Amino acid sequence: MLAIIGGSGLGRLSALESTRQVAVSTPYGEPSAPLVFGRLNGRDIVFLARHGENHRLPPHAINYRANLWALHAQGVKNIVAIATVGGIGVDFAASTLALPDQIIDYTWGRASTYFDGESREVKHIDFTQPYCEALRVKLLRAAQRAGEALHNGGTYAATQGPRLESAAEIKRLARDGADMVGMTGMPEATLARELDLGYATLAVVVNAAAGTGASATAIDLPQAESLGRALMARVVKILQEVAVDGD
Ligand code: HPA
């Protein structure tokens, strides 16, 4: 079964039909919200609001381990993660939808593994390609069918938040090779890999990163928020198509 994790601007998936909410608990605690099972474009999927109901959880306080564990325990095989980001690279202007193929982790202090030597054995996972290529290809095809442009590739920088970055921090991320910046990409991607789940991020650029373009002196947060909400209509069109062969 396919799971969709919705981020800022996508706390509910109103296109879901015949929904059924299931509150689950895990050995790692409670997920951000009840899982919402339903049909999208005729296919059974499950939706999870990453920030919880009414966006109550900031990125650093999300129980990523419980979220991924809960989905895995329900028989999920693939996860499409929706994430709003700031754009850094020239190809990542506001309103761009992008499918990153690499990630850099700048987060700290988050419970980021199931293999912590306490609950389970120590194990190292390969993370050379952090996103599932098969799922990325499905998303690219889905976007094509939906008639939506989806930029293929790019490096996602995961920052700690909840504050936005300084201009100098964005310059550093750019030097590091980052194309977009968000706060929730890690440890979500890593935990999915530890559980052998296919995982890909559909990134939604809602603002120019700090110190760049329209954000040269400040980021207009209300504008970024409303752009995010508006862009979710395009995201949902892609999700409706990917549900068809998402599994
Ligand atoms: N920085 C970090 N996270 C974000 C941004 C940003 O500029 N925009 C949306 N999420």
Side-chain angles (χ1 to χ4, degrees), residues 4-12 32 48-52 54-62 64 67 79-110 112 130-131 150-151 153-190 199-236 238:
I4 294 165
I5 299 181
S8 299
L10 195 67
R12 289 186 59 233
S32 298
L48 173 60
R50 183 189 287 117
H51 295 279
N54 309 317
H55 205 277
R56 67 191 164 86
L57 295 166
H60 64 282
I62 291 166
Y64 295 94
N67 285 354
I79 299 176
V80 175
I82 312 302
T84 58
V85 296
I88 301 176
V90 284
D91 292 337
F92 299 83
S95 297
T96 303
L97 305 184
L99 199 57
D101 59 358
Q102 278 297 330
I103 195 162
I104 304 176
D105 189 8
Y106 299 92
T107 68
W108 47 270
R110 302 183 181 188
S112 58
Y131 299 106
L150 180 56
H151 183 91
T155 297
Y156 177 113
T159 56
Q160 177 71 358
R163 67 167 178 85
L164 290 146
E165 298 74 33
S166 70
E169 286 171 332
I170 293 299
K171 273 193 192 156
R172 175 171 78 131
L173 298 188
R175 282 197 302 274
D176 283 356
D179 297 300
M180 63 199 102
V181 55
M183 301 174 189
T184 56
M186 291 290 277
E188 215 172 72
T190 274
Y199 178 92
T201 291
L202 204 170
V204 182
V205 184
V206 296
N207 60 275
T212 73
S215 306
T217 54
I219 295 176
D220 185 336
L221 287 166
Q223 189 179 44
E225 231 172 82
S226 68
L227 180 59
R229 276 195 299 273
L231 291 171
M232 287 309 153
R234 288 172 53 198
V235 169
V236 170
I238 298 175

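Numbering of ligands and ligand atoms starts at 1, following listing order. Note that the coordinates shown come from a computational prediction; the quantities given were computed from them, not determined experimentally.
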When you measure from [atom] to every protein heavy atom, which one gives the shortest distance, and what is it?
atom: atom 2 (C) of ligand 1; answer: Glu165 OE2, 3.2 Å
atom: atom 5 (C) of ligand 1; answer: Gly86 N, 3.4 Å
atom: atom 10 (N) of ligand 1; answer: Thr84 O, 3.4 Å
atom: atom 4 (C) of ligand 1; answer: Val181 O, 3.5 Å
atom: atom 7 (O) of ligand 1; answer: Asn207 ND2, 3.0 Å

Would you list the pairs meeting side-chain hydrogen bond (donor to acceptor under 3.5 Å, both in side chains) in which at least one residue belongs to residues 222-233, sequence neighbours left out? none

Can you see which heavy atom on [X] is nearest to which on [Y], and at what distance?
X: Leu97; Y: Arg234; answer: CG-NH2, 3.7 Å
X: Thr159; Y: Arg110; answer: O-NH2, 3.5 Å
X: Thr184; Y: Tyr156; answer: N-OH, 3.3 Å
X: Pro187; Y: Tyr64; answer: CD-CD1, 3.5 Å
X: Met183; Y: Gly161; answer: SD-CA, 3.6 Å

Enumerate, atom names and distances included, each donor-acceptor pair closer than 3.5 Å involving a side-chain atom of residues 201-215, sequence neighbours excluded.
| residue | atom | partner | partner atom | Å |
| --- | --- | --- | --- | --- |
| Thr212 | OG1 | Ala209 | N | 3.4 |
| Thr212 | OG1 | Ala209 | O | 2.7 |
| Ser215 | OG | Ala208 | O | 2.6 |

Relative to the heavy atoms of [X], which atoms of ligand 1 are at a distance of less than 4.0 Å?
X: Met183; value: 2 (C), 3 (N)
X: Leu164; value: 1 (N), 2 (C), 5 (C), 6 (C), 7 (O)
X: Gly182; value: 2 (C), 3 (N)

Ligand 1 versus Val85, non-hydrogen atoms closer than 4.0 Å: side chain, backbone, both, neither? backbone

